[in-house]
Structures are given as structure tokens and as C-alpha cells.
Amino acid sequence: MQNITVLSGGMGGARFLQGLLHGIATGRLPGVAPDATVTVVANTADDLWVHGLKVCPDLDTVMYTLGDGIDTGRGWGRRAETWSVKEELAIYGVEPTWFGLGDRDIATHLVRTQMLEAGYPLSEVTTALCRRWLDPVYGDRVRLLPMTDDRVETHVAIADPDSPSGRRVVHFQEYWVRLRASVPAEMLVFVGLDEASPGPGVVDAITDADLVVLPPSNPVVSVGTILGVPRMREALAATRAPVVGLSPIVGGTHVRGMAEQMLTSIGVEVSASGVGLHYGARSAGGVLDGWLVDEVDADQADRVEAAGLPCRAVPLMMTDPDATAAMAAAAIDLVAR
Ligand code: GDP
Ligand code: CA
């Protein structure tokens, strides 16, 4: 196996990728070449413009995590970060005060915004940023591709008794960062998704892969939006590569984040089997050839298999790169036999 493609969100996807790359480097993945390439197709539907800067949270989380620049405690943003700009903006009373941009992180957004304004597409900007973060570590063995170069934004409708419609629509980041996903998401709107085109290399990365992985990323606002880019589902249906997924839901809720709220909002049962069945078996018009659930959800495997989707229960907690590499190995073992 030479080419592995991973459809990734931010934190969950980045952690999985770390373990996958660790597994490749230590020769622990069955049938995977030691010089295998990993192509990351990352969600960009969380992106936002803030203080005049284009911020791409999931691209940056993957880039900083794999490039060893991430703040591991927070799981996002730069290590050894300082917050002078944020403090100064707060004194000016400039909104939004709830979205924290660290000083080091701002440099990334300045480079990105300048390049975008000079006319470069996001994919080329991302390649340029990765020259600093990924190339020194992985050479050309890891590629980070935005799912699309087009603007796509996830918006969330929440109840608002003060509004005439009884509802208010906020950007996904406001729902998550300011409101901490503490109120029900009544509806999700993926602005621009239906009109988006896959970014350069994205469809080929699926068509030419030897393995496609849906990591334990958010099934709605990370993997769901990637799958929602036109032509993505067709590419997954057509690829000769096996497609395997790992559940982000363990014991009936997300491990961290807000997958529970997002699944509830689209009417999908919040369980490991519920998410597997939501993705569906490729043999039945879905996207997966195999689905891993955590050991605590072992009793749900039969239900998944009954729908024609091979399923196995293994430990799915990404506690460290060794444990995560073992998850990747189990995923490969499930579909590549
Ligand atoms: P985000 O964009 O930063 O929200 O990150 P992702 O969408 O890539 O991943 C978020 C998902 O990762 C959440 O739904 C979590 O449940 C899941 N997750 C985080 N840590 C773990 C873990 O250790 N094991 C599993 N199975 N899922 C995890
Ligand atoms: Ca995200």
C-alpha cells in the first residue's frame, strides 16, 4: 500500500494522522510501505474571516499538529503562544472578543490572507504554509489539501426568543467557541457547499488511493461537509481503494467536541453504530467498506454487519501515537484482507 488518503477535520483527524504516520514510520501497519504517502483532504467549512484575516481552523490544526507546532494541551493554536494582539483588540472593544487569535498564529493568517488577496487559491496558500510545517518533517510524503478552494461556511440556527422568527443564525465558530455548543442546533446550513468544486488533486487523491480512511472526525461538520462537496461521493463510490472509518462516538457520546449536538441536529442516532449506518456500506450506496467501533460498543457490531458493513470492535481512544497507530492497523486489517 503506497497511497493513503484521509478525510480529516481538526483535532480528531490530526490526532489520528499523527498515529497513522507513527504507524508507517515504525512499520506497524500491515501491507503499508515504509515510504507510503499520506494525502489529507481537510474540511474547510469551519473557516471564517475575523479581524480581516482568513482563518482555517482545521487546516491549521492538522498543519500545526503534524509539524509539531501545536499547543498539545489546548489541541489548537500554537505552542508557547502569547495574546498581546487579542488583549489590545479587546481594549479597543472590537468584536468578536470570543475568538482567540494568538500572536504567533496571527502570522499564519497574515500570510494566508495576503496570498489570497494576491489571487492565490487556498490550495496553493496551504502548500506554501506547509513548506514551513510539513516539508522539513515529511518531505513530499504528506500533502495537505483543502477540500475546496471555494468559500464554504457552516452556519447554525439556534432558538432566539428576541428575534421575530424565534431563531437566529450564527457562524459555526460562534456556536462552538462562544456558545460552547450549549444550546440545541436547530438547523445546520452549509453555505456554498452545493456550489463548491473539489480542490485541485482532491478527486484524484480518492481515485488513485490504495486506502481511504474516514478518521474519528466529526461526522457532520468535518467529514459530512467533505462528503458534501459535489463529486466526492461519486469519487468514493468509484475508487478501487477500500474505504474504512473509525467511530468518533464512544459509549454513546463524542470523546470531545460537539458531535452529539451535530448528529442530533441532523436526526442521526448518537451511537457508534448510528454513525456507521449513517455513512452506510458502499455495497448499499454508502461510502464505507468497514467500520471500527470502540470495545465498549462491541454489542453494536452485529447491527452494523446486518446492514452489510463489516465491523469490528477495538480500543478507539487516541491516548498516544502508539495506541492510535494500533487503531490505524486494525482499520487496515479490517478492509485490506
Ligand atoms: P475538530 O474539527 O477539531 O472538531 O476535530 P474533528 O472533527 O477532526 O474531530 C472531532 C471528533 O473527534 C469528535 O467527534 C470526537 O468525538 C472525536 N475524538 C476525539 N478524540 C477521540 C478519541 O480519542 N477517540 C475517538 N474514537 N474519537 C475521538
Ligand atoms: Ca473543525
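Note that ligands are numbered from 1 as they come in the structure, with each ligand's atoms numbered from 1 the same way.
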S.K.: Enumerate the atoms of ligand 1 whose separation from the nearest heavy atom of Gly13 is less than 4.0 angstrom.
M.R.: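 The list of qualifying atoms is 8 (O).
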
S.K.: Which protein non-hydrogen atom lies closest to atom 19 (C) of ligand 1, naming both residue and atom, and how far is it?
M.R.: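 Nearest protein contact, heavy atoms only, for atom 19 (C) of ligand 1 is Arg256 NH1, 3.2 Å.
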
S.K.: At distances under 3.0 Å, what protein N, O or S atoms surround the Ca ion (ligand 2)?
M.R.: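 Hits for the Ca ion (ligand 2) below 3.0 Å: Asp46 OD2, Asp58 OD1, Asp58 OD2.
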
S.K.: Could you check atom 14 (O) of ligand 1 against the protein and tell me its nearest heavy-atom contact, residue, atom and distance included?
M.R.: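 Nearest neighbour among protein heavy atoms for atom 14 (O) of ligand 1, to 0.1 Å: Ala259 CB, 3.4 Å.
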
S.K.: Does Arg78 come within less than 4.0 Å of Asp105, counting only side-chain N to carboxylate O?
M.R.: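 Salt bridge: no.
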
S.K.: Any salt bridge linking Arg28 with Asp322? Criterion: basic side-chain nitrogen under 4.0 Å from a carboxylate oxygen.
M.R.: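 A salt bridge links Arg28 with Asp322.
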
S.K.: For Asp35, is the CG atom crowded, meaning more than 12 foreign heavy atoms sit under 6.0 Å from it?
M.R.: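 Atom CG in Asp35 is crowded, with more than 12 foreign heavy atoms closer than 6.0 Å.
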
S.K.: With a 4.5 Å limit on heavy-atom distance, are the side chains of Val38 and Ile24 in contact?
M.R.: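 The answer is yes, as the side chains (C-beta and beyond) meet within the 4.5 Å cut-off.
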
S.K.: Among protein heavy atoms, which lies nearest atom 24 (N) of ligand 1, and at what distance?
M.R.: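 Among all protein heavy atoms, the one nearest atom 24 (N) of ligand 1 is Leu316 O, 2.7 Å.
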
S.K.: Would you check, one step at a time, whether the test side-chain contact (heavy atoms from CB on, under 4.5 Å) holds for Val94 with His51?
M.R.: CA-CA 9 Å; Val94 179; His51 304 303; 3.8 Å; yes

S.K.: Using a strict 4.0 Å cut-off to heavy atoms of Gly10, name the atoms of ligand 1 that fall inside it.
M.R.: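 What qualifies from ligand 1 is 1 (P), 2 (O), 3 (O), 5 (O), 6 (P), 8 (O).
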
S.K.: Non-hydrogen atoms of Ser217 versus ligand 1: any pair closer than 4.0 Å?
M.R.: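 Distance cut 4.0 Å: Ser217 passes for ligand 1.
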
S.K.: Would Met318 count as a polar contact of ligand 1, with the cut-off being nitrogen or oxygen pairs under 3.5 Å?
M.R.: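 Yes: some nitrogen or oxygen of Met318 is under 3.5 Å from one in ligand 1.
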
S.K.: State whether the number of non-hydrogen atoms from other residues, nucleotides or ligands found under 6.0 Å of Tyr120 atom OH is greater than 12.
M.R.: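 No, not enclosed.
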
S.K.: Any N or O on Gly257 sitting closer than 3.5 Å to an N or O of ligand 1?
M.R.: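 N/O-N/O distance below 3.5 Å does not exist for this pair.
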
S.K.: Could you tell me if Arg180 sits above the aromatic ring of Trp176, with its cationic atom closer than 6.0 Å to the ring centre and no more than 45 degrees from the axis?
M.R.: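 Judged by the rule, Arg180 and Trp176 form a cation-pi pair.
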
S.K.: For ligand 1, which part of Val255 has a heavy atom less than 4.0 Å away: the side chain, the backbone, both, or neither?
M.R.: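 Looking at Val255 and ligand 1, atoms from backbone and side chain both fall under 4.0 Å.
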
S.K.: Checking a contact table here: which protein heavy atom is nearest atom 4 (O) of ligand 1, and how many Å away?
M.R.: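 Closest protein heavy atom to atom 4 (O) of ligand 1: Met258 CE, 4.1 Å.
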
S.K.: Looking at atom 7 (O) of ligand 1, what's its closest protein heavy atom, distance included?
M.R.: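 Protein heavy atom with the smallest distance to atom 7 (O) of ligand 1: Ser222 OG, 2.6 Å.
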
S.K.: Quick check for you: to the nearest 0.5 Å, what is the distance between Ser273 atom OG and Asp297 atom CG?
M.R.: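 Result: 7.5 Å between the selected atoms.
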
S.K.: Where do Ser265 and Val220 land on the side-chain contact (heavy atoms from CB on, under 4.5 Å) test, with the steps shown first?
M.R.: CA-CA 9 Å; Ser265 147; Val220 185; over 6 Å; no

S.K.: Step by step, work out the side chain to side chain donor-acceptor pair (under 3.5 Å) result for Thr82 and Ser84.
M.R.: CA-CA 6 Å; Thr82 56; Ser84 303; 4.8 Å; no

S.K.: Answer with side chain, backbone, both or neither: which part of Pro248 has a heavy atom less than 4.0 angstrom from an atom of ligand 1?
M.R.: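 Both of them.
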
S.K.: Is there a side-chain contact (heavy atoms from CB on, under 4.5 Å) between His171 and Trp49? Walk through the geometry before answering.
M.R.: CA-CA 10 Å; His171 189 287; Trp49 284 89; over 6 Å; no

S.K.: Heavy-atom distance under 4.5 Å between the side chains of Glu95 and Thr97, does that happen here?
M.R.: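 When only atoms from C-beta onward are counted, Thr97 and Glu95 do touch, with a gap below 4.5 Å.
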
S.K.: For a 4.5 angstrom cut-off between non-hydrogen side-chain atoms, does Val50 reach Gln173?
M.R.: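 No, side chains not in contact.
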
S.K.: Are any of the heavy atoms in Ser8 under 4.0 Å away from ligand 1?
M.R.: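 No.
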
S.K.: Apply side-chain contact (heavy atoms from CB on, under 4.5 Å) to residues Asp320 and His22 and explain how you reach the verdict.
M.R.: CA-CA 10 Å; Asp320 57 57; His22 178 65; over 6 Å; no

S.K.: Ligand 1 versus Val250, non-hydrogen atoms closer than 4.0 Å: side chain, backbone, both, neither?
M.R.: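 Side chain only; the backbone of Val250 stays clear of ligand 1.
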
S.K.: With a cut-off of 4.0 Å, which atoms of ligand 1 are near a heavy atom of Asn218?
M.R.: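 Here the atoms of ligand 1 in question are 6 (P), 7 (O), 9 (O), 10 (C), 11 (C).
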
S.K.: Does any N/O atom on Met317 come nearer than 3.5 Å to any N/O atom on ligand 1?
M.R.: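 In fact, backbone or side chain, Met317 has no N or O that close.
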
S.K.: Would you mind running through ligand 1 and noting each atom that sits below 4.0 Å from a heavy atom of His254?
M.R.: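 Here the atoms of ligand 1 in question are 14 (O), 16 (O).
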
S.K.: What I want to know is whether Pro216 and ligand 1 share at least one N or O pair that is separated by under 3.5 angstrom.
M.R.: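 Yes, since at least one N or O of Pro216 sits under 3.5 Å from an N or O of ligand 1.
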
S.K.: Donor-acceptor pair, Ser271 side chain versus Gly274 backbone, under 3.5 Å?
M.R.: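 A pair under 3.5 Å: yes.
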
S.K.: Is any NZ, NE, NH1 or NH2 atom of the basic residue among Arg303 and Glu269 found under 4.0 Å from an Asp or Glu carboxylate oxygen of the other?
M.R.: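 The answer is yes: the pair qualifies as a salt bridge.
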
S.K.: Return yes or no for this condition: an N or O of Met11 is under 3.5 Å from an N or O of ligand 1.
M.R.: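 The answer is yes, given that Met11 and ligand 1 share an N or O pair closer than 3.5 Å.
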
S.K.: Atoms of ligand 1 less than 4.0 Å from Asp58 heavy atoms?
M.R.: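 Reading through ligand 1 atom by atom, the close ones are 2 (O).
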
S.K.: Of the backbone atoms (N, CA, C, O) and the side-chain heavy atoms from C-beta on, which set of Ser247 has a member under 4.0 Å from an atom of ligand 1: side chain, backbone, both, or neither?
M.R.: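 The backbone, only.
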
